[in-house]
Peer 1: 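Starting off with a structure, shown below.
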Amino acid sequence: MTSSCSIPGLNVPRSRFPQPQQDLPMEEGEQRVVLAGGCFWCVEAVILAMDGVTRVESGYAGGAPETANYEAVCTGTTGHAEVIDVHYDPTKVSFGELLRVFFSVAHDPTQLNRQGNDRGTQYRSAVFYETPEQKQVVESYIRQLGEAGVYPDPIVTTLEPLEAFYPAEAHHQNFAARNPYQPYIMAVAAPKMEKLIDGFSDRLKPEYTDSNDNLA
């Protein structure tokens, strides 16, 4: 991962992003979705802050188990994407609400196989779906964003069936919170957290709105 990143699409304000017209039904019990949007350190930091998200684990999806490790994935030749495995309580946050933050804050979905200076298929924008219903809701929201002209460029997010999730190495987990002054985190994750807190304060866990430490 490079030490700086410029993602122009992240300048689009929350007000431009409509509420999803389709969503999954509210159900009892923890639900799951696997998301890819560039560096998993930064996507993890954003999604973990949302109220109703119970657990986030960084890892890899889209490739074989033999090469599901950071060194191999960074070559961009394994087919994996850096992903986060999100577990959430649908009575507190819906699948559609997670998508809204994913598409508006966590990354720029118009950048093909890159996020800013991070380049390669391992940094692709993707939703790894587990059910046809998840896939349908994502397709609907991407279509809705396109029809609303939210971004000047087409959304290139891929929808890929989740065949397996491979947890990343321990030192990658909760990386931004544990390393708030690491240069990459300060350059890339911190601006996303600022946008999240400014634009979605009503959707965040209390500790993120009550503290000045955006990554703690």
Side-chain angles (χ1 to χ4, degrees), residues 1-11 32-62 67-76 78 80-88 93 98 101-109 111 113-126 128 165-201 203-216:
M1 293 163 187
T2 54
S3 61
S4 63
C5 183
S6 176
I7 304 179
L10 295 179
N11 295 325
R32 177 196 193 196
V33 61
V34 173
L35 304 171
C39 167
F40 46 25
W41 296 346
C42 305
V43 183
E44 177 191 65
V46 170
I47 300 299
L48 188 59
M50 295 189 67
D51 192 28
V53 171
T54 55
R55 181 166 64 89
V56 178
E57 187 172 21
S58 290
Y60 315 105
T67 52
N69 63 80
Y70 189 71
E71 184 176 356
V73 172
C74 278
T75 67
T78 68
H80 295 91
E82 290 194 11
V83 300
I84 58 169
D85 183 13
V86 182
H87 293 252
Y88 66 98
V93 61
L98 289 173
V101 170
F102 174 66
F103 281 104
S104 65
V105 180
H107 79 307
D108 182 345
Q111 297 198 353
N113 295 332
R114 62 181 286 239
Q115 284 293 296
N117 295 331
D118 291 332
R119 298 171 184 267
T121 57
Q122 70 271 32
Y123 298 117
R124 66 187 181 271
S125 171
F128 289 83
F165 167 79
Y166 308 103
E169 296 80 355
H171 64 275
H172 290 300
Q173 306 302 332
N174 204 23
F175 187 91
R178 293 187 296 101
N179 301 275
Y181 301 111
Q182 198 264 6
Y184 185 94
I185 296 303
M186 294 181 69
V188 183
K192 293 182 180 182
M193 294 302 296
E194 291 171 5
K195 178 179 181 181
L196 182 71
I197 291 169
D198 288 344
F200 289 89
S201 60
R203 302 304 310 152
L204 303 184
K205 295 170 181 171
E207 58 265 34
Y208 286 87
T209 55
D210 295 343
S211 171
N212 291 326
D213 187 350
N214 294 349
L215 295 174

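Predicted model only: the values in this text are computed from it and were never measured.
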Peer 1: Identify the two heavy atoms, one from Val43 and one from Ala106, that lie closest to each other, and give their separation to 0.1 Å.
Peer 2: CG2-O, 4.0 Å
Peer 1: Counting distance only, does the side-chain N/O of Gln122 pair as donor-acceptor with the main-chain N or O of Thr75 below 3.5 Å?
Peer 2: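 Between the backbone of Thr75 and the side chain of Gln122 there is no qualifying donor-acceptor contact (under 3.5 Å).
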Peer 1: Tell me every residue that passes side-chain contact (heavy atoms from CB on, under 4.5 Å) with Thr121, counting only those two or more places apart in sequence or in another chain.
Peer 2: Asn113, Arg124
Peer 1: Who are the side-chain hydrogen bond (donor to acceptor under 3.5 Å, both in side chains) partners of Glu169, not counting sequence neighbours?
Peer 2: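 Scan of Glu169 (side-chain hydrogen bond (donor to acceptor under 3.5 Å, both in side chains), adjacent residues dropped) gives Tyr60.
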Peer 1: What distance separates Asp118 CG from Glu82 CD, expressed to the nearest 0.5 Å?
Peer 2: 8.0 Å
Peer 1: Are any side-chain N or O atoms of Arg203 and backbone N or O atoms of Leu98, one a donor and one an acceptor, separated by less than 3.5 Å?
Peer 2: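 Pair absent, no side-chain N/O of Arg203 close to backbone of Leu98.
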Peer 1: When you compare the side chain of Asn174 with that of Leu48, does any pair of heavy atoms fall below 4.5 Å?
Peer 2: yes
Peer 1: What distance separates Phe40 CZ from Tyr70 OH, expressed to the nearest 0.5 Å?
Peer 2: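 Rounded to the nearest 0.5 Å, the CZ-OH separation comes out at 6.0 Å.
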Peer 1: Apply ring pair (Phe, Tyr, Trp, His ring centres under 6.0 Å) to Phe175 and list each qualifying residue two or more places apart in sequence or on a separate chain.
Peer 2: Trp41
Peer 1: Nearest 0.5 Å please: distance from the CE atom of Met186 over to the CG atom of Asn179.
Peer 2: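 The CE atom of Met186 sits 12.0 Å away from the CG atom of Asn179.
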Peer 1: Applying salt bridge (Lys or Arg N to Asp or Glu O under 4.0 Å), name anything that partners Arg119, two or more places apart in sequence or on another chain.
Peer 2: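 Not a single residue meets the salt bridge (Lys or Arg N to Asp or Glu O under 4.0 Å) criterion with Arg119.
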Peer 1: Kindly say whether Pro206 contributes a backbone atom to a donor-acceptor pair with the side chain of Thr209 at under 3.5 angstrom?
Peer 2: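 Judged by distance alone, yes, a pair lies under 3.5 Å.
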Peer 1: Got a sec, which pairs hit salt bridge (charged side-chain N to carboxylate O under 4.0 Å, His left out) with one end in residues 35-61, sequence neighbours left out?
Peer 2: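 Salt bridge (charged side-chain N to carboxylate O under 4.0 Å, His left out) check on residues 35-61 returns Arg55-Glu57.
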Peer 1: Apply salt bridge (Lys or Arg N to Asp or Glu O under 4.0 Å) to Asp85 and list each qualifying residue two or more places apart in sequence or on a separate chain.
Peer 2: Arg32
Peer 1: Taking ring pair (Phe, Tyr, Trp, His ring centres under 6.0 Å) as the definition, give me every residue that meets it alongside Tyr88, ordered by chain and number, with sequence neighbours left out.
Peer 2: none
Peer 1: Minimum heavy-atom separation for Tyr184 to Cys39, with atom names?
Peer 2: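 Nearest heavy atoms, Tyr184 then Cys39: OH-CB, 3.1 Å.
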Peer 1: Under 3.5 Å, side chain of Lys205 to main-chain N/O of Ala49, donor-acceptor pair present?
Peer 2: no
Peer 1: Please report the shortest heavy-atom distance between Ile185 and Pro180, naming the atom on each side.
Peer 2: CG2-O, 3.9 Å
Peer 1: Can you tell me how far apart OH (Tyr123) and NE2 (His107) are? Round to the nearest 0.5 Å.
Peer 2: 14.5 Å
Peer 1: Between Gln182 (side chain) and Ala176 (backbone), is there a donor-acceptor pair under 3.5 Å?
Peer 2: no
Peer 1: Using the side-chain contact (heavy atoms from CB on, under 4.5 Å) criterion, which residues pair with Thr67? Sequence neighbours excluded.
Peer 2: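 With neighbours one apart ignored, the set is Ala64, Ala72, Thr78, His80.
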Peer 1: As an exercise, state the distance from CG of Leu196 to CE of Met193, rounded to the nearest 0.5 Å.
Peer 2: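 Answer for the CG-CE pair, Leu196 versus Met193, is 5.5 Å.
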Peer 1: For the CG atom of Leu204 and the CD1 atom of Ile197, what is their distance to the nearest 0.5 Å?
Peer 2: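 Rounded to the nearest 0.5 Å, the CG-CD1 separation comes out at 6.5 Å.
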Peer 1: Test Val86 against every option in Thr54, Ile47, Val93 by the side chain to side chain contact (heavy atoms under 4.5 Å, CB included) rule and name the one that passes.
Peer 2: Ile47
